[in-house]
Peer 1: 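Okay, here's the structure, questions in a sec.
Computation of the quantities below employed the complete heavy-atom set of this structure, encompassing side-chain atoms and omitting hydrogens, waters and symmetry-equivalent molecules. Counting starts at 1 for both ligands and their atoms, in listed order. Everything quoted here is computed from the prediction, not taken from an experiment.
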Amino acid sequence: MAPAPIFETIASTVEAIRSQLPDGLKNPRVGIVCGSGLSGLAASMKEVVEVAYDNVPGFAKSTVPGHRSSLAFGFMGDNQRVPVVAMLGRFHPYEGHSLSTVVYPIRVLAALGIKDIIITNAAGALNPEIKVGTVVVVRDHLALPGLAGMNPLLGPTFSSTTPRFLPVSDAYSPALRRLVFLAANELSIPWSDFAEGTYAWVSGPTYETPAEGRFLRAAGADMVGMSTVPEVLAAREAGVGVLVLSLATNMVVIPEKYRSIKEEVEAELLGKKVELPVEEVVSHEEVLLIGRQKGEMMKSLVEKIIDLIPASVRDESQK
Ligand SMILES: O=P(O)(O)O[C@@H]1C[C@H](O)[C@@H](CO)O1
């Protein structure tokens, strides 16, 4: 038997989710995707109902430390009571998930009725001016896997009204990006904690070699990570406004100069004292640590942004 079309499968997933929710939470307005170590972003939600991915048909399970596997529904905001849904844990292609599995939750959130989505991630900084702990408001992306054929929108279109050729030059909503800075100002978060930039998507799970880091930097990327872009594409395909916040959790190791073993051995043979450089490497533990350190700030920021959304983004033409 041929598999059911994706929109039919999504409709039955939506029904299964709604059957586990009280009325007020059945139609969330904003979606949140929590990046590595950032599941605490949803901690300020009120009247929370968690739905485990195990109880959601079509959802996989996250296998990455720092990612949970449930949807949290609740209300957010001080001035408004905005119904939101947060993905506590996402799927990455390197876990062995297909791209359609990776973007399935985003399509389901869109079908549940979200208008905007705040996607967060932990990422490596390629731009030396971006320090660890900075929140980078993403304004563009570079999708090497996508350009090479790994695009989640390959195949039949999502629905009969979905454009076959989706423009993504405007994927990152200026109206939503504005809110980050307005929220930061209201919360008195130092301006220096923020940057704007381009996110390069790589498949992982290996971190970059120095040559790869240099290549991505030369191609115009400020940050590099292993997620987000498939989700952005699926959200835009479904007409959802997108905001991406990348937390710089580490500097990508791009030494100005390679260590020369040849020179070191030569100096040693000549009896000279050789200063050995400290070799830096990235680790997921470091990534999670920065997520924990900045988690509280990110949580307040996301909450404030959500508080500001309905008023400032009401006029769709701003997007
Ligand atoms: O899910 P995100 O993009 O936040 O997680 C990043 C990318 C890898 O999954 C992992 C590497 O440390 O963190």
Peer 1: Can you confirm, on distance only, whether ligand 1 has an N/O atom lying under 3.5 Å from any N/O atom belonging to His92?
Peer 2: yes
Peer 1: Crowded around Tyr94 OH? As in, over 12 foreign heavy atoms under 6.0 Å?
Peer 2: yes
Peer 1: Considering only the protein, which heavy-atom contact is closest to atom 13 (O) of ligand 1, and what is its distance?
Peer 2: Ser36 OG, 3.1 Å
Peer 1: For atom 2 (P) of ligand 1, what is the closest protein heavy atom, and at what distance to 0.1 Å?
Peer 2: Arg90 NH1, 3.4 Å
Peer 1: Any donor-acceptor pair under 3.5 Å linking the side-chain atoms of Arg90 with those of Ser227?
Peer 2: yes
Peer 1: So which protein heavy atom does atom 7 (C) of ligand 1 come closest to, and at what separation?
Peer 2: Met226 CB, 3.8 Å
Peer 1: Return a yes/no value for Ala122: is any of its N or O atoms, backbone included, closer than 3.5 angstrom to an N or O of ligand 1?
Peer 2: yes
Peer 1: Within a distance under 4.0 Å of any heavy atom of Gly35, pick out the atoms of ligand 1 and give their elements.
Peer 2: 4 (O)
Peer 1: Any luck finding a side-chain donor-acceptor pair between Thr9 and Tyr104 under 3.5 Å?
Peer 2: no
Peer 1: For ligand 1, note which part of Val287 has a heavy atom under 4.0 Å away: side chain, backbone, both or neither.
Peer 2: side chain
Peer 1: Just checking, is any N or O donor in the side chain of Thr63 or Glu95 under 3.5 Å from an acceptor N or O on the other one?
Peer 2: yes
Peer 1: What protein heavy atom sits nearest atom 3 (O) of ligand 1, and how far off is it?
Peer 2: Ser227 OG, 2.6 Å
Peer 1: How far is atom 9 (O) of ligand 1 from its nearest protein heavy atom, and which residue and atom name does that atom have?
Peer 2: Tyr94 OH, 2.5 Å
Peer 1: Please confirm whether the ring centroid of Tyr172 lies under 6.0 Å from the ring centroid of Tyr199.
Peer 2: no
Peer 1: Please indicate whether Glu286 has more than 12 foreign heavy atoms, meaning atoms of other residues, nucleotides or ligands, lying under 6.0 Å from its CD.
Peer 2: yes
Peer 1: Do you know the tightest heavy-atom contact between Pro83 and Gly24?
Peer 2: CB-O, 4.0 Å
Peer 1: Do the side chains of Arg217 and Glu208 get close enough for a salt bridge, i.e. N-O under 4.0 angstrom?
Peer 2: no
Peer 1: Please write down residue, atom name and distance for the protein heavy atom closest to atom 11 (C) of ligand 1.
Peer 2: Tyr207 OH, 3.3 Å
Peer 1: For ligand 1 and Asn121, I'd like to know whether there is a polar contact (N/O to N/O, distance under 3.5 Å).
Peer 2: no
